[in-house]
Trainee: 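Sharing a structure below in C-alpha cells format, with a few things to ask.
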Amino acid sequence: MQFETDIFNVAFEAVQKLFNVKVDTERIQLQRTKAEFEGDITLVVFSLTKISKKSPEETGSLLGHYLLNHSEIIQSFNTVKGFLNLVIKDEAWLHQLKKAQQHAHFGFAVSKKPGTVVVEYSSPNTNKPLHLGHIRNNLLGWSVAEILKADGNEVKKVNLVNDRGIHICKSMLAWLKSGNGETPQSTGLKGDHLVGKYYVEFDRMLREEKQLLMEQGLSEDEAEKKSTLMEEAREMLRQWENGDKDIISLWKTMNGWVYEGFDVTYRNLGVDFDKIYYESETYLLGKKIVEEGIKKKVFQKKPDGSVRIDLTEDGLDEKVVLRSDGTAVYITQDIGTARLRFDDYRFSKMIYVVGNEQDYHFKVLKLITKKLGYDWSDAIYHLSYGMIDLPSGKMKSREGTVVDADELLNDLFAESERITKELGKIDDFGSEEAKQLYRSIGLGALKYFLLRVDPEKRMLFNPAESIDFNGDTGPFIQYTFARIQSVLRKARMTEALCEYENRQFSNQHVINKEERELIIHLLQFPYVVHEAAEKLSPALIAHYAFSTARLFNHFYHHHSIADIENSDTSAFRLKLTAFTGKVIRSALQMMGIHAPERM
RNA sequence: GGUCCCGUAGCUCAACUGGAUAGAGCAUCAGCCUUCUAAGCUGAGGGUUACUGGUUCGAGUCCAGUCGGGAUCACCA
C-alpha cells in the first residue's frame, strides 16, 4: 500500500515516544480506510491499548495528533472506536502520481530477484483433446508466470507432455482394431480429436468385454483383470518400453497428429513455453533413480517384482514406483523429470500447476525427492487449483460431458462477432482486422472468466449461459480501455489539447472526489502485482483490473475530460486518463488479454 | 472407513496476517444517449456467511461438533 512504510515508521516512533514502549512491529496494523468513513489509511489501535493503558478512542486520538505533527503527508485524522483514520494530503497523492506517470513500466518490479522460478503447466496427455479444465490450467500457469516476471523473477515456463503410458496404448490399440487407417487428412478431423475418438472407442470396447465377463459372474475388478483388451494394452506398453519398431512407429505417428492439434489450440489461447519435456525422454532417468534408490534403501523391491516405498510413517500409504513387470508408473517419470529440470535450471522454486485431484501425488513426490536426499525437494510447490464443474456435475471425457476447448473458443469468437456487429462501432474495419478483434474479445471473456476466480477454488461453468460480455467481465475492461483510447485520440486532434502530454501539473492542483479515488487506486497497482506474485493468484490482478475500469467509468460519467474551457484541468484529466489506460493495459497483459484500441 | 478441501444474496464470485454497517457482477424493478464509445452510468430491493457451541475488545475468517457437497487413499495419469 502506498505510504504504508512512511506511516508505519512515524507510528512506530509515536508509540515509543508517547507510551515509552518499543512495540512489536505486528502490533501496528495499517489498512485501507473503508469507503464509508473519512480517510485514506487506517491504523487499528486495539492491539495498542494494552500498551497505552488507555481507551481505544483516546489511544487513537493521541497517536493521531502525533502523526499529524510529525508527518508531512497527513492532512487530518479522525477516530471512530478503535480506528484511527488518516487523511493523506492531496499534494502527496499528486506527487506520487507524477512519479508513477514518469515510470516507464509502472507496476513492474524495478530490480531482478535472484534465482530462477520454473513454472510447469499444461501437461497434457496425448490421448485426447484439451477441454475447459485444461484451459483453466493453461491460463493459470501462463498468467502466474507473467505475474512472477512482472514482480522481478527470472521465470521459465515448461510443459511436460505425457506422451507415453498405458492410456496412449489404449488409443493406439483401438485405432489398430477399428481405425481402418483413418488419418486427420482422410477424416478432416483435428489430430487430437481423432486420437481422442479412439480413446473413447477403447473404453467402449472394454466396457462391452467387461459386461460379458460380469455376466459370467465376475466382479468388475476381476473382469478388468481378465479382460484380453487390457492385457493387449499392457502388452503393448511392454513392447513400447522394449522399443518395438512397429509400436514405436505407430506411437510417433499418432502423437504427431495430437501435437499438430495441440499447437493450434495453444496458438488460439496465446500460451507459450520456454521448454517442452516429454515423459518418454524422462521416464528412463526416473527408473534409474529408482534403481539407485533401492541400493540406498529408500525403495524396497517386493517378491512380486514391484518396487515400492513405504510412506506410512509420514501418514501416507505404500506407493508403487515400478510395476512388477518393470514398467514405469506416473510418479517414476515425475521423479526423473524433476531431477532433469534441476540439472537444466538450478531452480530456486518449481511450481507445478496441477489440479487439486493430484494433491496426494505431489505430497508423495515431494516426500520421495526429500528421502532421496535432493535438497531442491523443498523448492517444489504444487499450485493446486480447483476443478471446473458443470451444472450437471464433474466433466467426464468418457461420458462425453466435457466442454471441448476448440468448440468453446469458436463459440466465443462467434458470440463476440455477433455482439460487435450488432453495436456497429467498427463498421470501417477491414475483415482481417475485425476478425482479430472478435478473437481478442472472445478470449478476453474466457480468460477473465477463468482467472477472476481464486485458483484454489473449484468453479462452475454453465454452457447454456456460456460467458457474459457485460458487467464483471473481460470485455467490460477491454471496452473501458478502448473508450480511454478514443478520448485520447480525439484530444490529440484538438488544437488546444493535443499537447496535453507535455503539460505538467502542480501538486497544488485541485482534484475532485472521483479523480482522487481513481488516483489512489492506480497507485496501488505495484503492490497488487507484488501480492499476486506472492500468492500466485491472477485473480487479484483480475479484480484490480475490474475495479480500475469501474472507477474510471465512474469518473468519466461525472466529469468531462477533454472538451472543457479550462485547459489546465483538461490536460490533467487527459494525463490521468492516459495513465489509467496504461495501468489497465499492463494488468490485462498479465492475464494474456489484449487491450484493443477500438471496439 | 482413513486423510484432505469446500459450504457467503435467486445465480456466479469478493472480503488483506481475525477488524468498522459482509461487497461486486448477473438476474429483477426504476431512471440516464442533441455532450469525450450506452459492451456504459445512477438508484432500489435482495444475507441468521449451512447449523450448534467455544476462544476475545472484536469471528465469514481461529477451535470443536453436527449436517450437506467434493477430492483422494490404483501395478490410471
Trainee: If only side-chain N and O atoms of Y556(A) are considered, is one of them under 4.0 Å from the OP1 or OP2 phosphate oxygen of rA38(B)?
Mentor: yes

Trainee: Please compare K319(A) and K363(A) by the position of their nearest nucleotide in RNA chain B and report the one closer to 5'.
Mentor: K363(A)

Trainee: Should the heavy atoms of other residues, nucleotides or ligands under 6.0 Å from CD of E456(A) be counted, would the total exceed 12?
Mentor: no

Trainee: Which nucleotide, in any strand shown, forms a Watson-Crick or G-U wobble pair with rC4(B), with both distances under 3.5 Å?
Mentor: rG70(B)

Trainee: Taking 4.0 Å as the cut-off, does a side-chain nitrogen or oxygen of K81(A) come that near to OP1 or OP2 on rG58(B)?
Mentor: no

Trainee: With a sphere of 6.0 Å drawn around NZ of K225(A), does it hold more than 12 non-hydrogen atoms of other residues, nucleotides or ligands?
Mentor: no

Trainee: Can you find a side chain N or O atom of K490(A) that sits less than 4.0 Å from OP1 or OP2 on rU37(B)?
Mentor: yes

Trainee: Tell me: CE of M599(A) to C1' of rG40(B), nearest whole Å?
Mentor: 11 Å

Trainee: I want to verify a distance call: between rC75(B), rA71(B), rC36(B), whose nearest atom is closest to the S560(A) side chain?
Mentor: rC36(B)

Trainee: I331(A) has an atom CD1; how far is it from atom C1' of rA77(B), in whole Å?
Mentor: 11 Å

Trainee: Less than 6.0 angstrom separating the ring centers of F37(A) and F83(A), yes or no?
Mentor: no

Trainee: Tell me the partner of rG25(B), counting only Watson-Crick (N1-N3 plus N6-O4 or O6-N4) or G-U wobble (N1-O2 and O6-N3) with both under 3.5 Å; none if nothing fits.
Mentor: rC11(B)

Trainee: Within this structure, what is the NE2-to-P distance between H554(A) and rA24(B), rounded to whole angstrom?
Mentor: 12 Å

Trainee: Output the rounded distance in Å from CZ (F476(A)) to P (rU37(B)).
Mentor: 16 Å

Trainee: Between rG10(B) and rU48(B), how many Å separate the two P atoms, rounded to a whole number?
Mentor: 8 Å

Trainee: Look at the side-chain N and O atoms of R483(A) and state whether any lies under 4.0 Å from the OP1 or OP2 oxygen of rA38(B).
Mentor: yes

Trainee: Please give, in whole Å, the distance from rU72(B) C1' to K394(A) NZ?
Mentor: 10 Å

Trainee: rG40(B), OP1 or OP2 - any side-chain N/O from N470(A) closer than 4.0 Å?
Mentor: yes

Trainee: Hunt down the Watson-Crick or G-U wobble partner of rA30(B), both distances under 3.5 Å, from any strand shown, or write none.
Mentor: rU42(B)

Trainee: Of all the nucleotides listed (rG25(B), rU37(B), rG40(B)), which has the minimum atom distance to the side chain of F546(A)?
Mentor: rG25(B)

Trainee: Taking the inter-plane angle between the rings of Y352(A) and F362(A) on a 0 to 90° scale, is it parallel (under 30°), tilted (30 to 60°) or perpendicular (over 60°)?
Mentor: tilted

Trainee: Does any N or O donor sit under 3.5 Å from an N or O acceptor when you compare the side chain of S547(A) with the base of rA24(B)?
Mentor: no

Trainee: Name the orientation of the base relative to the sugar in rC33(B): syn if the glycosidic angle is within 90° of 0, else anti.
Mentor: syn

Trainee: How many whole angstroms separate atom CD of E4(A) from atom P of rU17(B)?
Mentor: 13 Å

Trainee: It should be established whether H543(A) places a side-chain nitrogen or oxygen under 4.0 Å from OP1 or OP2 of nucleotide rA15(B).
Mentor: no

Trainee: Counting the benzene-type ring for Trp, do W251(A) and Y278(A) have ring centres under 6.0 Å apart?
Mentor: no

Trainee: With distance as the sole criterion, do the side chain of S324(A) and the base of rC75(B) form a donor-acceptor contact below 3.5 Å?
Mentor: yes

Trainee: Have N127(A) and S171(A) got a donor and an acceptor in their side chains that come within less than 3.5 Å?
Mentor: no

Trainee: Could you say whether D468(A) or Y330(A) is positioned toward the 5' end of RNA chain B, judged by the nucleotide with the nearest heavy atom to each?
Mentor: D468(A)

